Amino acid sequence: MTLRRGLILIGPLAGVALLAGLVLLPDRPHPRGGSAAPYVLNKQQKRAMGRMKHDYLRLRDPSAGRIPGGIRAREQRFVKEQLARADRTQEWVPRGPWQIGGRTRGVAVDVAQPNRLIAGGTTGGIWISEGGLDSWTFVSDRAAVLDVTCIAQDVRPGHTSTWYCGTGEYYGTGSFGPNSLVSSFGYVGTGIHKSTDNGWTWQQLASTATPDLVLDGPFDVVFRVATNPANLTEDELLAATHGTIHHSVDGGESWDLVLGSFLGETQILGHWTDAVITPDGVMYASLSSAADQPGIFRSTDGETWEDITPPYWPSAVGRAVLGAAPSNSSTLYVIAHTPGTGFFDPEGWDEGMSLWCRRDGVWEDLTGSIPYNYVTYDGYAMYIRVHPDDENMVFLAGVQLYRSTNGFSDPADTRAINGGHLDHHEAVFDPYDTRILYASNDGGVSKVFDCTATPPGYAIADDRGYITTQYYSAAVNPIDDGNTAILGGTQDNGSSMAISDNLEDPWLEVDSADGLECAIGYGYDDRYRAYYTSWQNGLSLTRTTMDPVYHAVQIVDIMPPGNYALWFTPFKLDPANWRSMYLAQADQMMRNPDAASTGSWEPIPGASVSVGVISAIGVSTEPAHVVYYAESFFQAAQGPNLYRITDALDENPRLATLSTAEFAPGCWIHGLTVDPADADRVIAVVSNYGVRSLFYSQDGGLSWTSVGGNLEQYPDGSGNGPACFDAAITHVDGTPFYLVGTSAGLYSTTALQGDVTEWSLEGPDVIGLVRIEGVDVRHADGYVGVCSHGVGAYSCFLRPVAAVETTNARAGYALNLTDRNPVRGRTALRLQLPRAGHLQLRLFDENGRLVRTLADGELAAGEHHFGLDGSHLASGVYFIRASVPGRWSAEQKVTVIR
């Protein structure tokens with residue numbers, strides 16, 4: 001595999017997703033005779049283990065040693081009930097990227113409307129396009145963005161407005177240790193969701209809900225939902241779920257377990273399943289060797305199943321994906337991850353793949369026809385699909401997409417389909433023109449204009465407006481006032497940067513592969529700016545120097561050699577000059593006095609750790625060259641430790657060990673943020689669930705106060721409060737302003753008041769309850785950039801809090817009280833809409849509970865007036881919230897006195 005960085009507009013990227021689960025297998029006999037070589041981790045598993053370990057260490061509850069089961073659903077519920085009012089929300093603007101999406105496993109084409117697609121990001125919710133790939137509309141609830149794994153339509157005439165969505169990604173952004181193969185961060189899914197209005201709104205099927213929201217039921221992980229187009233009298237479905245196949249004849253209202261059984265996460269190969277139904281109603285299913293009924297099965301009624309497993313089926317089978325021929329239901333292709341046997345790619349990314357075909361009841365082993373450079377990352381990126389009109393035209397996908405025109409009987413006729421994004425997860429054919437194939441991958445959804453052509457190729461290789469990009473970091477330009485650039489490191493889409501205020505303008509690709517930590521500073525010449533990007537495990541730290549119009553003048557890798565035990569390597573520029581850099585090797589703090597010009601690094605004398613690893617860095621502005629760093633530990637019972645370096649660039653810097661008595665043992669310090677006005681004031685961000693998350697020091701770390709406040713369900717940090725990842729401190733008109741990015745949205749406050757600190761949700765209708773990994777601010781003008789892991793990036797210029805609380809007049813919108821405040825009796829509201837839209841006007845109490853809905857419907861453009869009768873309300877503080885979803889929101893604080 002070759003990864004090459006370049007400075008181009010993002011389109012198809014050369015990066016690959018270095019993802020999968022950790023698979024540890026014992027030595028075993030080779031199923032076809034002979035002995036298998038002793039099992040060792042392949043390259044992909046080593047890379048995957050780094051990220052899995054990263055997520056596990058930073059999210060585990062230290063007292064339990066694991067990520068709490070079902071925490072994603074529980075934290076969203078907690079936030080919606082307790083925190084989802086926005087009395088201080090700023091004017092957040094979506095920034096994209098417009099032209100490239102994120103990892104997508106679910107996509108389907110509407111059989112009833114040309115050019116209409118529904119797709120879903122694995123952390124980005126459900127989207128609808130009615131113009132091919134040219135435009136997309138986000139239709140998920142921003143307060144509960146779904147982790148989508150599959151999309152299916154009921155294609156029968158008269159039923160095409162019914163759609164199904166499966167959730168709960170498996171073997172993806174997993175965790176390390178218990179539940180290591182399950183979902184993003186170990187979050188289970190929320191079952192199957194159903195739409196009966198053509199995909200615009202979705203409801204969870206109660207029959208698939210898990211009451212206690214932990215991994216204790218098969219519908220926590222849904223691989224595929226298949227509808228039966230041949231059954232005209234019943235709403236028949238198959239669901240391939242965790243270790244099981246379920247059958248329904250009432251549209252998912254109830255289910256019969258027909259194959260397998262739920263065993264929990266007990267097997268290292270994973271409880272993979274798959275299911276497909278042909279146009280004439282023949283059903284096929286597969287279950288991995290971890291199931292109690294492993295193999296391949298066939299049914300014509302969904303209840304009784306025939307075991308049709310090939311006689312040479314290996315003893316160890318992970319994921320086995322099915323491809324049934326629509327034009328001949330007796331033809332079935334199977335691609336499977338078969339550790340220890342089958343095809344081994346020459347680069348060592350996979351540990352064994354096998355390919356079979358069953359025609360008219362007879363199996364044929366086609367493993368020898370697997371393309372020479374076929375890679376799936378042990379089944380992570382993999383599918384096999386058959387053209388609707390030709391049972392011998394087969395599309396086999398892994399990292400790359402291939403096509404055979406003879407059913408893989410002759411490898412000479414197998415061709416790669418080049419030009420689109422890599423790491424493929426699903427493909428569907430356009431029912432109006434079966435030459436068109438839509439392929440979902442780690443870059444969103446791509447289009448093959450003519451998949452039957454020779455050679456096949458992409459006519460459109462990207463989507464536009466499908467904003468599902470998954471970020472790990474954010475950086476703004478700290479030097480140039482008014483500059484609105486945002487640089488971010490992304491999952492499998494490199495490090496890219498918004499350089500235009502126009503949402504639809506393309507982002508600039510600065511680096512490739514998986515982008516992690518990033519920063520912006522001065523270049524080697526003050527006319528230039530340096531853009532720093534990095535890869536996982538210390539593989540690269542690149543300085544790209546650009547001129548004022550973003551042309552690259554120099555690209556240099558400045559990563560020093562050393563020990564990089566962490567998947568995410570922290571580094572920070574010094575705000576005193578935006579040239580010096582501090583970088584954390586696993587056990588040693590490094591410094592580069594002029595990273596803008598050289599790659600010369602040196603250890604900071606005495607700034608090392610002996611047991612743990614350096615997990616976070618914070619750098620001061622005033623006074624300069626004060627550096628904080630955190631030591632976190634792999635063992636849950638140890639640490640953390642905090643240190644402060646004064647005069648960090650001097651020959652003999654002064655070091656101090658700081659107090660950590662307030663921190664929970666075994667917690668992971670994920671971020672350190674220093675007040676630009678005072679180096680003694682610093683926030684430490686703890687990312688684990690189950691412990692207190694935010695600490696504040698006003699004396700240079702000699703003592704700390706918990707300031708998680710209402711972000712914690714209970715004072716000790718236990719319960720369902722969100723995980724915290726990043727924080728920023730700035731000042732707006734002399735008032736401190738604090739921001740924190742969490743696993744369930746972005747929050748702000750202007751006063752840190754210990755355990756009673758009140759954090760307010762920012763951008764509830766623009767950002768929502770998505771995972772915010774990166775927050776950065778330019779102090780001179782209050783410009784903030786935030787990046788999410790699933791729905792792109794956002795920015796704003798911070799306004800004084802008083803202005804935010806009284807009006808939000810962006811683009812002609814306004815909300816004002818026309819009478820005095822406090823309110824006695826009745827009062828009136830004036831609302832200004834610059835254009836027609838759906839208005840929601842609601843009254844909340846000071847605890848965020850909905851008291852009354854004042855309006856919920858379409859309004860014409862212009863001025864509108866509403867009355868509020870306070871005579872029936874208890875005395876206290878209330879919030880009137882107005883929103884036009886996706887465009888604008890504002891809140892007005894009201895005090896009622898009786």
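What you see is a predicted model; the values in this text were computed from it and never measured.
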Item to check | Donor-acceptor under 3.5 Å (Arg58 side chain, Lys53 main chain) | outcome: no
Item to check | Cationic tip of Arg105 above Tyr380 ring, under 6.0 Å, 45° of axis | outcome: yes
Checklist entry - Asp442 and His424: side-chain donor and acceptor closer than 3.5 Å? => result no
Checklist entry - With no hydrogens and no angle check, is any side-chain donor or acceptor of Tyr438 less than 3.5 Å from a backbone partner on Glu426? => result no
Checklist entry - Looking at Tyr472 versus Phe568, is the centre-to-centre ring distance below 6.0 Å? => result no
Item to check | Where Arg72 and Val770 come nearest, the two heavy atoms and their spacing | outcome: NH2-CA, 4.2 Å
Item to check | Between Ser446 and Asn441: side-chain donor-acceptor atoms closer than 3.5 Å | outcome: yes
Item to check | Closest approach of Ser495 to Leu516 (non-hydrogen atoms, all atoms of both residues) | outcome: OG-N, 4.5 Å
Item to check | Check: Gly792 main-chain N/O paired with Ser788 side-chain donor or acceptor under 3.5 Å | outcome: yes
Checklist entry - Is the closest side-chain heavy-atom distance between Met382 and Ile335 below 4.5 Å? => result yes
Checklist entry - Does any N or O in the side chain of Ser195 come within less than 3.5 Å of the main-chain N or O of Thr201, such that one atom is a donor and the other an acceptor? => result yes
Checklist entry - Is a side-chain donor or acceptor of Ser289 paired with a backbone partner of Val317 at a separation under 3.5 angstrom? => result yes
Checklist entry - Asn493 and Glu509: side-chain donor and acceptor closer than 3.5 Å? => result no
Checklist entry - Would you say the side chains of Tyr383 and Asp274 form a donor-acceptor pair under 3.5 Å? => result no
Checklist entry - Any sub-3.5 Å donor-acceptor pair from Trp163's side-chain atoms to His193's backbone N or O? => result no
Next on the checklist: Can a side-chain donor-acceptor contact be found between Gln153 and His159 if the only test is distance below 3.5 angstrom?
Outcome noted: no
Next on the checklist: Considering only residues two or more places apart or on different chains, which pairs with a residue in residues 114-135 satisfy ring-ring contact (aromatic ring centres under 6.0 Å, His included)?
Outcome noted: Trp127-Phe138, Trp127-Tyr466
Checklist entry - Angle class for the His54/Trp567 ring planes (parallel below 30°, perpendicular above 60°, tilted otherwise)? => result tilted
Checklist entry - Where the side chain of Ser140 meets the backbone of Ile126, is there a donor-acceptor pair that is under 3.5 Å apart? => result yes
Checklist entry - When rounded to the nearest 0.5 angstrom, what distance separates CD in Glu773 from NE2 in His789? => result 6.5 Å
Checklist entry - What distance separates Asn373 CG from Asp345 CG, expressed to the nearest 0.5 Å? => result 8.5 Å
Item to check | Parallel, tilted or perpendicular: rings of His246 and Phe219 (30°, 60°) | outcome: tilted
Checklist entry - Under 3.5 Å, is there a donor-acceptor pair between the side chain of Asp514 and the main chain of Asp492? => result yes
Checklist entry - Under 3.5 Å, is there a donor-acceptor pair between the side chain of Ser440 and the main chain of Val107? => result no
Next on the checklist: Donor-acceptor check, side chain of His387 to backbone of Thr434, threshold 3.5 angstrom: yes or no?
Outcome noted: yes
Next on the checklist: Angle between ring planes, Tyr471 versus Trp507, binned at 30° and 60°: parallel, tilted or perpendicular?
Outcome noted: tilted
Next on the checklist: Check this for me, if you would: do Asp235 and Arg156 make a salt bridge, where the nitrogen-to-carboxylate-oxygen distance has to be below 4.0 angstrom?
Outcome noted: yes
Next on the checklist: Within the structure provided, determine whether Arg103 and Glu169 are in side-chain contact (heavy-atom separation under 4.5 Å).
Outcome noted: yes
Checklist entry - Just checking, any donor-acceptor pair under 3.5 angstrom between side chains of Ser248 and Trp255? => result no
